[in-house]
Protein chains: 2
Amino acid sequence: MTHNRLNYIEILHAHGYRVTPQRLAVLDALCAAGGHTTSAEVLARARALDARIDRSTVYRSLDVLVKSGLALTAPGDNAGETRYEIVQESPHHHLRCSRCGTEHELSAASAGAFFRQVEREYGYRLTGDHLVLEGVCPECQKHTAGH
Amino acid sequence: MTHNRLNYIEILHAHGYRVTPQRLAVLDALCAAGGHTTSAEVLARARALDARIDRSTVYRSLDVLVKSGLALTAPGDNAGETRYEIVQESPHHHLRCSRCGTEHELSAASAGAFFRQVEREYGYRLTGDHLVLEGVCPECQKHTAGH
DNA sequence: TCTCTTGCTGCAACGAGTCGCAGGTGGGTG
DNA sequence: CACCCACCTGCGACTCGTTGCAGCAAGAGA
């Protein structure tokens, strides 16, 4: 387990949320998974920790974690699927390979210049701080060089 | 109606798809909506044109249009919702305001430099050609300047 | 125009995610 | 430590999107 539970408890309290065994189970499940995880996997892991936990509770808990800033959401492979990720120290985005499914981190610095330019040009203040770019990774490009 | 139906029919044939009343209804629904539309709205508009059309047929038709290159998909507001858009002449991305829901087009040129930099830096070949950035539009920033 | 084949449609059933409700529980107060 | 209330949980029902299947129709060929 890489997270400091006390810290999370304080954060939940600070946002006016109660700390319940179910929420801790979801939190542990999310941490244990590491990186991007589907809600289905979170559900399975949470059930392993507490067999009686309900689907709807897991979804609501994930929502609470996101609202508290403890977790991030990102669109999944099959449009219509949400993935979750425990927050980390350094903000970052993701590159996902559409062939092999591998994910690579993309430093926020790389996107920063682009974001600032868009904000300047269009007057928007960008809040979507978790971008997922789709593409083909270097490895897969090698394997299908013929195409 | 802004689309040239004959053109669409040829494109569907060229991709080996049949042209059916249901598919034309979905196509008309998508064109009538203009811009990004939720699948729920496409379904409603298609039903207005053909009351007997089935949900599954609408989803399958949208899939056919996307595979034919006649429509584009983009992630929706609530992660886990797909939005559809009829293709246009000039490729572009979108800025969406998380407060009022308004959408603005973002020229592909703006993102081009960022995409090329990421490709150079990480070796990826980016294929996700339809980006949606979340933020707060200038209007909404004015109205909530106090916050 | 008629026939025939293949792909399309509507239906029904299913899984994922959401919501309203009644009862349970966290945690603040005395 | 006990009480109490607001929030949370589990349950059940619902919606949205997907899939398998049997029958139908687009459109190619004669």
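Keep in mind that what you see is a predicted model, and the values were worked out from it rather than measured. Note on naming: letters A, B, ... go to the chains in the order of the sequence lines (proteins, then strands), and numbering restarts at 1 for each one.
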Original post:
Relative to the 5' end of DNA chain C, which residue comes earlier, Ser61(B) or Arg18(B), by the nucleotide with the nearest heavy atom?
Top reply: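 Looking at the nearest nucleotide for each, Arg18(B) comes out on the 5' side.
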
[N] phosphate, OP1 or OP2: any side-chain N/O from [X] under 4.0 angstrom?
{"X": "Ser56(B)", "N": "dT18(D)", "answer": "no"}
{"X": "His13(B)", "N": "dA26(D)", "answer": "no"}
{"X": "Gln22(B)", "N": "dG10(C)", "answer": "yes"}

Between atom [atom1] in [X] and atom [atom2] in [N], what is the gap in whole Å?
{"X": "Leu24(B)", "N": "dA26(D)", "atom1": "CG", "atom2": "P", "answer": "11 Å"}
{"X": "Leu12(A)", "N": "dG27(C)", "atom1": "CG", "atom2": "P", "answer": "10 Å"}
{"X": "Asp54(A)", "N": "dC8(D)", "atom1": "CG", "atom2": "C1'", "answer": "12 Å"}
{"X": "Glu41(B)", "N": "dC16(D)", "atom1": "CD", "atom2": "P", "answer": "14 Å"}
{"X": "Leu62(A)", "N": "dG17(C)", "atom1": "CG", "atom2": "P", "answer": "10 Å"}
{"X": "Asp63(A)", "N": "dC19(C)", "atom1": "CG", "atom2": "C1'", "answer": "13 Å"}
{"X": "Tyr17(A)", "N": "dT25(C)", "atom1": "OH", "atom2": "C1'", "answer": "19 Å"}

**OP:** Tell me which of Val58(A) and Leu43(B) sits closer to the 5' end of DNA chain D, going by the nucleotide each one is nearest to.
**Re:**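 By nearest-heavy-atom nucleotide position, the 5'-most residue is Val58(A).
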
Subject >> Nearest-nucleotide 5' precedence on DNA chain D, Tyr59(B) against Pro21(A) >> reply: Pro21(A)

Original post:
Any idea which of dT9(D), dT18(C), dC21(D) is nearest the Arg60(A) side chain?
Top reply: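 Closest nucleotide among those given: dT9(D).
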
Subject >> Out of dT18(C), dG20(D), dG27(D), whichever nucleotide has its closest atom nearest the side chain of Arg55(A) >> reply: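 In terms of side-chain proximity for Arg55(A), the closest of dT18(C), dG20(D), dG27(D) is dT18(C).
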
Within the 4.0 Å heavy-atom criterion, would you say [X] contacts the bases, only the backbone, or no part of the nucleic acid?
{"X": "Arg52(A)", "result": "sugar-phosphate"}
{"X": "Arg23(A)", "result": "sugar-phosphate"}
{"X": "Thr20(B)", "result": "sugar-phosphate"}

Original post:
Is it true that His36(B) and His94(B) have ring centroids separated by less than 6.0 Å?
Top reply: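 Under 6.0 Å, so yes.
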
Original post:
Can you check whether His93(A) and Phe115(A) have ring centres sitting under 6.0 Å from each other?
Top reply: yes

**OP:** Could you tell me whether Arg116(B) and Glu119(B) have a side-chain N and a carboxylate O separated by less than 4.0 Å?
**Re:** no

Subject >> Glu103(B)/Arg83(B) ion pair, N-O < 4.0 Å >> reply: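 Salt bridge present between Glu103(B) and Arg83(B).
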
**OP:** Determine whether any donor atom in the side chain of Ser39(B) lies under 3.5 Å from an acceptor atom in the base of dC16(D), or the reverse, and answer yes or no.
**Re:** no

Original post:
Can Tyr17(B) be reached from Val58(B) by stepping across I, L, V, M, F, W or Y side chains whose heavy atoms are under 4.5 Å apart?
Top reply: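 Yes, Val58(B) and Tyr17(B) fall within the same hydrophobic cluster.
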
